[in-house]
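Accompanying notes for the structure given below.
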Amino acid sequence: MTEFDFSAGFARLDAAMSTGADSLPFTAQMHEFAMRQSGVPGHEFYTDARKLVRGTLETSRDFGFDTPFLVWDVYNIEAEALGANLVLFDDMAPAIDNGEPIIRTEKDLARLKAPAPHTDGRMPMIFEALGWYKELTGRPATPCYCAPFTLAAQCMTFEQLVLQIKDNPKFVHRVLAFLTDEVIAPYMNALLREFPDAPLADGSDAIASLPFITQDMLEEFSLHYIERLQGLCDKLVICDNWWGDSFSGDLEAFWELKLRATPTYLKIQDPDLFKVGAEKPKAYAMDKDLPLVLGVDNNVLQEGPAEEIEKRIHEYMEIGEEGGKCILYLCSLSAQTPPDHVRAAIGAINRFRAGDRPYRGLRRSGAPEPRITKSANGEAADPGRKPRTGEEEDNEEERLLDRIFDAVMDFDDEETAALVTIALDRDLDVHVILKEALIAAMDEVGAMFSDGAIFVPEMLLAARAMKTGLKILHPILTRTGAPPRGKVILATVQGDVHDIGKNLVGMMLEGAGYEVVDMGVNVAPQAILESAERLAPDVVGLSALLTTSMPSMRKTVDLFRNESAPYPVIIGGAPVTQDFADSIGAHSYGENAPDAVAKINQMVAAGLRQAGGMKAGGPRAAAGS
């Protein structure tokens with residue numbers, strides 16, 4: 001007899017993954033939620049195997065979860081064991097500090113030593129946690145790993161990984177081969193041999209999702225190494241958490257890639273699931289006779305309200321229940337997810353199972369959304385640069401500007417720099433080069449990203465090419481005393497050490513003519529306010545990649561308001577929404593990098609700083625919202 005009995009839930013889960021369950025099971029990623037509910041600070045919860053396991057089990061029992069899904073900060077274990085700096089927090093999961101990447105060059109890679117699974121970093125804690133879970137539940141937990149591509153991003157930074165894929169792909173392949181062969185495979189094999197009743201190992205690879213990378217990059221640099229790992233391990237190894245289905249031009253081709261990484265079931269989660277519609281993957285899975293995992297958005301679970309949570313859950317359960325081979329997945333319950341919303345979600349599941357289905361037949365997922373393509377100036381954009389006609393075709397200056405524009409669009413750093421130099425030698429006005437070639441190219445890049453024609457890597461590469469041209473123009477602009485378009489402070493908020501989006505926004509802002517002050521990551525509210533008071537920016541931009549760091553955005557906005565700081569604030573990042581921006585009183589919200597630049601242009605044009613920025617107790621300004 002074990003202390004925690006989840007046998008009924010496991011039986012339902014096993015049935016859904018094989019012959020079909022009479023009622024659909026649910027599972028949840030909830031380690032941060034369990035941390036908060038257990039009252040254990042993060043620096044203890046994520047370093048003490050017994051506190052991690054007991055907190056997970058007790059929270060699962062107390063809230064009535066079908067099964068306790070034991071997982072931890074999976075993305076950090078291998079990187080930490082290799083020597084990356086781990087940052088611990090009291091109220092959230094740890095994170096790798098990318099400020100000092102451990103792989104920059106071939107020499108760095110050569111110096112790295114493969115970690116010993118039983119001694120290095122927190123790897124030994126994972127062995128202890130899996131053993132403790134088995135003892136308390138009688139059920140084997142699943143060994144988990146950080147997949148090669150995302151692990152490479154942890155070791156190199158995402159930005160440098162993408163740039164090196166273009167500049168030195170052989171080096172990137174050597175990094176991925178080392179991480180696969182000498183780090184992940186030995187670690188997983190050691191766990192699978194220690195726990196022989198574990199049926200498989202499961203990987204996490206969110207950074208390899210669309211639109212962070214392209215589908216071609218995913219296949220060559222992510223999937224290839226997952227399949228390589230599968231060949232090196234003693235048992236089945238899967239990786240099921242790519243998202244970005246809604247960005248794929250061919251859903252079935254994308255799902256075929258997913259099934260190569262996870263051949264036993266298909267998983268699709270919000271927001272892609274809601275955009276694509278639950279009926280499409282259900283039909284696909286039934287045709288393949290595969291179990292289907294449908295994931296409910298962590299933003300819905302965090303923000304609610306309860307009615308919206310119930311509608312989303314009932315729709316997915318109703319679509320998924322035919323044949324019984326479906327599992328509902330609650331995505332990323334965090335330390336910020338209200339317990340009442342978790343109870344609402346579980347209550348909705350139980351009511352559906354009991355036949356109480358007030359939203360029977362409701363179908364909202366898959367409804368088309370109107371798409372308006374905008375340039376980085378915030379105006380409706382044409383799908384491409386208009387061809388020049390008449391006198392313009394014979395104008396040497398215009399042809400040269402077009403060539404600079406094309407060089408940026410072709411991600412050609414050297415050509416961009418050379419052409420800008422030629423333009424200056426021919427006495428083209430520096431402001432014309434900046435506006436008509438470099439800024440125009442980045443406007444086009446922003447429009448193409450908004451329209452789904454390109455993904456993040458192309459934006460990064462175009463921004464780098466643009467910066468090579470801007471670097472040549474900058475001394476001349478400084479000498480002529482030309483004022484920047486405005487000044488923007490950027491910071492990733494306290495509790496978050498990710499900078500992918502912030503860096504991209506910064507590059508695009510520089511290309512648009514702004515002075516950018518980048519404060520880096522994990523920046524405290526008071527430090528942001530002090531910098532704003534010292535530098536007097538036109539706009540302050542706050543970024544967050546983690547749901548758990550979103551309260552730091554609220555604290556920063558509250559501090560600016562309480563101090564009557566005259567600096568408008570825009571927020572953005574993967575978990576951030578317009579509703580959240582409205583709820584904390586931010587002036588604006590950037591859905592992505594081009595949208596953030598467009599909104600900042602609007603804020604500067606509206607003169608929000610001069611208008612008073614944030615007033616204590618006052619209403620939120622409406623610009624860009």
Side-chain angles (χ1 to χ4, degrees), residues 16-18 27 29 69 71 74-75 142 144-151 153 176 180 184 188 199-231 233 235-298 316 319-320 323 325-332 365-366 452 455-457 574:
M17 290 296 291
S18 54
T27 186
Q29 178 183 318
F69 181 24
V71 72
V74 172
Y75 290 114
T142 300
C144 297
Y145 66 93
C146 179
F149 187 88
T150 296
L151 181 54
L176 291 167
T180 303
I184 305 171
M188 285 300 99
L200 54 81
D202 190 7
S204 295
D205 200 22
I207 296 299
S209 300
L210 313 182
F212 285 161
I213 62 175
T214 67
Q215 198 157 312
D216 287 343
M217 289 170 64
L218 185 152
E219 189 163 6
E220 179 179 354
F221 294 95
S222 173
L223 178 58
H224 172 76
Y225 289 95
I226 291 171
E227 292 181 323
R228 180 170 174 149
L229 181 65
Q230 290 169 340
C233 288
K235 289 189 177 181
L236 176 64
V237 172
I238 65 171
C239 185
D240 69 357
N241 77 325
W242 293 331
W243 39 273
D245 307 67
S246 62
F247 290 90
S248 175
D250 186 337
L251 272 176
E252 292 201 2
F254 185 59
W255 291 341
E256 290 296 328
L257 296 181
K258 281 189 167 188
L259 291 178
R260 285 167 59 184
T262 304
T264 51
Y265 60 89
L266 176 67
K267 179 179 178 182
I268 176 171
Q269 59 195 58
D270 288 335
D272 295 297
L273 177 57
F274 194 76
K275 293 177 181 178
V276 169
E279 290 179 329
K280 290 181 181 178
K282 178 61 178 179
Y284 180 87
M286 290 191 69
D287 182 62
K288 301 281 187 180
D289 193 26
L290 284 169
L292 176 67
V293 179
L294 300 176
V296 178
D297 199 337
N298 62 308
Y316 290 173
I319 291 170
K325 298 175 73 168
C326 184
I327 299 166
L328 188 74
Y329 172 57
L330 306 182
C331 305
S332 302
S365 67
F455 289 171
V456 170

List in chain and number order the residues that pass side chain to side chain contact (heavy atoms under 4.5 Å, CB included) with [X], two or more places apart in sequence or in another chain; answer none if no residue qualifies.
X	answer
Pro199	none
Ser204	Val74, Tyr75, Asn241
Thr262	Ile238, Asp240, Thr264, Tyr265

If you define the side chain from C-beta out and look only at heavy atoms, does anything of [X] sit under 4.5 Å from [Y]?
X	Y	value
Leu259	Leu290	yes
Phe274	Asp297	no
Ile213	Val456	no
Phe254	Asp272	no
Cys239	Tyr145	yes
Pro291	Ile327	no

Quick check: does any side chain N or O of Gln230 sit under 3.5 Å from a backbone N or O of Val237, one acting as donor and the other as acceptor?
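Between the backbone of Val237 and the side chain of Gln230 there is a qualifying donor-acceptor contact (under 3.5 Å).
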Are the side chain of Ser209 and the backbone N or O of Ala206 linked by a donor-acceptor pair below 3.5 Å?
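Yes, Ser209 side chain to Ala206 backbone: donor-acceptor pair under 3.5 Å.
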Determine the minimum heavy-atom distance between [X] and [Y], stating which atoms define it.
X	Y	value
Pro457	Pro211	CD-O, 3.8 Å
Cys233	Met188	SG-CB, 4.1 Å
Ser248	Gln215	OG-OE1, 3.1 Å
Ile184	Cys146	CD1-O, 3.2 Å
Ala208	Thr150	N-OG1, 4.0 Å
Gly320	Lys282	O-NZ, 2.9 Å

Counterpart residues, side-chain hydrogen bond (donor to acceptor under 3.5 Å, both in side chains), relative to [X] (two or more places apart):
X	answer
Arg260	Glu219, Glu227
Asp250	none
Thr27	none

[X]: salt bridge (charged side-chain N to carboxylate O under 4.0 Å, His left out) partners, not counting sequence neighbours:
X	value
Asp205	none
Asp216	none
Lys288	Glu256
Asp245	Lys258

Test ring pair (Phe, Tyr, Trp, His ring centres under 6.0 Å) applied to Phe212 and Phe247, Phe455, Phe149, Trp243, the passing residue
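Result for ring pair (Phe, Tyr, Trp, His ring centres under 6.0 Å) with Phe212: Trp243.
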Who passes ring pair (Phe, Tyr, Trp, His ring centres under 6.0 Å) against Tyr284, sequence neighbours left out?
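Expected list: Trp255.
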Among residues at least two apart in sequence or on other chains, which ones pass ring pair (Phe, Tyr, Trp, His ring centres under 6.0 Å) with Phe221?
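By the ring pair (Phe, Tyr, Trp, His ring centres under 6.0 Å) rule, Phe221 matches His173.
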Pair Cys331-Asp270, side chain to side chain contact (heavy atoms under 4.5 Å, CB included): steps then yes or no:
CA-CA 8 Å; Cys331 305; Asp270 288 335; 5.6 Å; no
Candidate list Ile319, Leu251, Leu273, test side chain to side chain contact (heavy atoms under 4.5 Å, CB included), partner Lys280, passing option:
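Among the candidates, only Leu251 passes.
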